[in-house]
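The sequence lines fix the lettering, A, B, ..., with proteins before strands; numbering per chain opens at 1.
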Amino acid sequence: MAKNLVIVESPAKAKTIAGFLGSEYRVESSYGHVRDLPKKDFGVDIEHGFKPTYEISVDKQKIVKSLKTAAKGSTIWLASDGDREGEAIAWHVCKAIGVTPSDAKRIVFHEITKPAITEAVAKPRSIDMKLVEAQQARRVLDRLVGYELSPVLWRKVRTGLSAGRVQSVAVRLIVEREREIKAHEYSSFFKVAAVFSGKPNFPAELSEKIKSDSSAKDWLTKLKGARFKVGKVEQKPGTRSPSAPFTTSTLQQEAGRRLGYSVRQTMIVAQKLYEGGHITYMRTDSTNLSPIAVEAAKKYIKATYGDKYARERHYQTASRGAQEAHEAIRPTHMDRLKAGMDHGQSKLYELIWKRAVASQMAPALVQKTEVEIDISGAHDVFVATGEVLDFDGYQRVWGGGKEDRILPELKEGQELKLVSASALETYSRPPARYSEPALVRKLEELGIGRPSTYAPTIGTIQDREYVEKKDVEGENKEIKEFTLEKSKLAEKTSQVAVGSDQNKLVPTGLAEIVTDFLVKYFADIVDYDFTAKAEDELDEIADGKLTWERMLDKFYTKFHPLVTKSASASREEVSQAKKLGKDPKTGLPVIARFGRYGPVLQLGKAAKDKDDRETEAPRFAPLPEGTTLDDITLKDALPMFELPRVIGKTKDGEEISADIGRYGPYVKVGKLFVSIKDHDPFKVTEAEAVKLIDAKKKAISEKVIADFGKLQVLNGPYGPYISDGKRNARIPKEKDPKKITEAEAKKLLDEAPARKSRWQGRKKTNSS
DNA sequence: CAGTGAGCGAGCTTCCGCTTGACTT
């Protein structure tokens, strides 16, 4: 048995380190946190100094057991990350495996190299309990917020909902952005552009934007007779510098933009590259590169592109609350241009490699030329710009250098000839909807959430149905374009969609209601600065200037009364019930509100309590197609309560009724439902219904092609198939479904591909 | 994708941060 046990957080790291330390050292991984507050109980004793109860997480029982065995008779070295969570992991590991924390040696290394590790091992310290306490304060705070707020939502809005310090702010950002977009008033202006003759011909734009179509037209008329002369010519050099190497957030942004990856996809692919030993750790907020990496980059750049392309750079980490436990994301070997097992991995690796190498390269040098062109009889000028790349620098690797825009030689006072001109109507743009990476970027900017939680948070707010990732159709607008060519003025109108969007995060009605409720009753919690302020206090705890009990007490004495107060909010208020008017038949009020299952119409009031026998139970109905809670009127709503509607009887005297269900309109006889997609449930006649019902009955009778007891050959909406009740299998085209034997059917079912597991699919449960 | 049509009860749900699991011979 080895005399020393080194415990790190990740198994990939363990493997590497084991190679650097001798046989005296055994290196194992804790796989992150091993203990946590219980999932089911509150786990915090508020009465007694917020004392937390910890238990070994279910998925870590085995790991803890094996660490315990390995620890026997060994010196324990705790080598978790050098941040708040890492310190807490070290402490929790001790507690979990029965080692007195003060007996263990705590080490931290900032890069995984032999010298760095040897140095760390030579200078161990003990666990920093102040830092551990700061982590516990963070953990308890999140539990208090999450487990007191969520149940309020279960009672007021919908069962199973959730709220928390991070997710509720993420949802709020999206809700508020959508409202800004809705409030945006489109205005249009005209961009006037011209092409002048020269070698080569070149474009220029009018310095002023034109507001109305009549003045746009006037302008072109004026240009028709005008003379043009070169005015001020300005030339100045410019530089462009590379960006810092990737952090989790910037990698997600760039992979989203360039490769179209979702945040989750990016992380899965990066994890594989990390496990393969191709890149450094992918969950980081640091832009720092180790001296070894900087050196390797320099060597590679000089050898490949020449000395003048190399430029050593050190980047400051910009994000608030960064903990800098790791390096930036970079290739483990700076001179390895390609890595990865498949196309997806190769593309992401290439991106990481380029960004890291480019970050150590010289800036690109450009020459910018700006030329003003005077118009006779006008105040405004045309402006032509040219740009020539003198030295590509980092763009040699990273790319991104636009093509040169070359202007002909132009001298002040020189006369110019107009080739053509145009005035194109353009609409002002509303604020941009968040894409997944853009939301991550915003959260990071606000210091909310950590690199390891960005992807899961985005998943959670979608799972809870607060947010949908989707395409949004824009508004159709008419645009005018005037052109002047060969002295002929022409006018054209066309349609364009403005404000359309693809793959963006859009809030649901549920998100709006929950956000409005939280903002009204828990303004401080969903405040964009809440986390930043909490972080300041956590730092004070780590510095020994504040105790964690005191911090939590201060927070809770303010927070808990808000929870109590929110109980008085009525469901109707929270669900933003809208009174539409009174039903003329019954005199009962008709309201539209957000119900447990989405938007709903309600006729009559809910009983005050369970024993209230005076009040008749209210009736519910869905909103008619095409209406929303915002625009529904009493007139639209009333017919919905006419359903279900009795429309007649079958030959056997059974009643036929029509209604609208989850999947559209249907007619019903006894227990048989028949979809009536093309008919209006308010108008469908008895004769039409009977016809549809007979057709459905016939289809059902023809459904079973062959019956082998357990196995059946059935006729489905997508053609014949085999089913055993659980699994289904399609039948090959060349086979006659009527002639299939039981053995053949069984074989086909066994060979049927397993249900397609969708790569992007998330589990509805919170297991990931 | 294999075909659906709730709303009661009881008992359940939930947070944020670390990390990667996997049934056997």
Q: Look at the side chain of A:R138 and the base of B:dC16, then say whether one donor and one acceptor between them are separated by less than 3.5 Å.
A: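 Present.
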
Q: Answer with yes or no whether A:S10 presents, from its side chain, a donor or acceptor under 3.5 Å of a partner atom in the base of B:dT19.
A: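 Counting by modelled atom types and ignoring angles, no donor-acceptor contact under 3.5 Å is found here.
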
Q: Kindly indicate whether the side chain of A:Q135, heavy atoms from C-beta on, has any atom under 4.5 Å from the side chain of A:L131.
A: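 The answer is no; the side chains never approach within 4.5 Å.
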
Looking across every strand, which nucleic acid part, if any, lies under 4.0 Å from [X] by heavy atom: base, sugar-phosphate, or nothing?
| X | answer |
| --- | --- |
| A:Y147 | base |
| A:Y281 | sugar-phosphate |
| A:S162 | sugar-phosphate |
| A:V145 | nothing |

Q: For B:dC8, measure the glycosidic angle (O4'-C1'-N9-C4 for a purine, O4'-C1'-N1-C2 for a pyrimidine) and name it syn if it falls within 90° of 0, otherwise anti.
A: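 This nucleotide is in syn.
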
Q: Check step by step if side chain to side chain donor-acceptor pair (under 3.5 Å) holds for A:S162 and A:R464.
A: CA-CA 7 Å; A:S162 65; A:R464 300 274 179 277; 2.8 Å; yes

**Q.** Test side chain to side chain donor-acceptor pair (under 3.5 Å) applied to A:H33 and A:E85, step by step
**A.** CA-CA 8 Å; A:H33 273 295; A:E85 295 297 329; 2.8 Å; yes

Side chain of [X], heavy atoms from C-beta onward: which of [options] has the nearest atom to it?
| X | options | value |
| --- | --- | --- |
| A:S452 | B:dG17, B:dT20, B:dT14 | B:dG17 |
| A:D83 | B:dT20, B:dT14, B:dC18 | B:dC18 |
| A:P11 | B:dC18, B:dC16, B:dT19 | B:dT19 |
| A:R139 | B:dC15, B:dG17, B:dT13 | B:dC15 |

Q: Determine, for A:E535 against A:R84, whether the closest basic-nitrogen to carboxylate-oxygen distance falls under 4.0 angstrom.
A: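 Here A:E535 pairs with A:R84 in a salt bridge, since their nearest N and O are under 4.0 Å apart.
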
Q: For DNA chain B, write out the stems as range with range, using runs of 3 or more consecutive Watson-Crick or G-U pairs with both distances under 3.5 Å.
A: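 Expected stems, ordered by start: none at all.
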
Q | For DNA chain B, the residues among residues 527-535 of chain A that have a non-hydrogen atom under 4.0 Å from it | A |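 Contacts with DNA chain B under 4.0 Å: none.
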
Q. Aromatic rings A:Y521 and A:F517: how do their planes relate, parallel, tilted or perpendicular, breaks at 30° and 60°?
A.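 Because their plane-to-plane angle lies in the 30° to 60° range, the rings of A:Y521 and A:F517 count as tilted.
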
Q) Rounded to whole angstroms, how far apart are NZ on A:K39 and P on B:dT13? A)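 Going from A:K39 (NZ) to B:dT13 (P), I get 8 Å.
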
Q.
A:E9 vs A:Y281, test: side chain to side chain donor-acceptor pair (under 3.5 Å). Steps then yes/no.
A. CA-CA 12 Å; A:E9 285 181 42; A:Y281 198 58; over 6 Å; no

Mind listing the N/O atom pairs, protein and nucleotides 23-25 of chain B, below 3.5 Å?
none

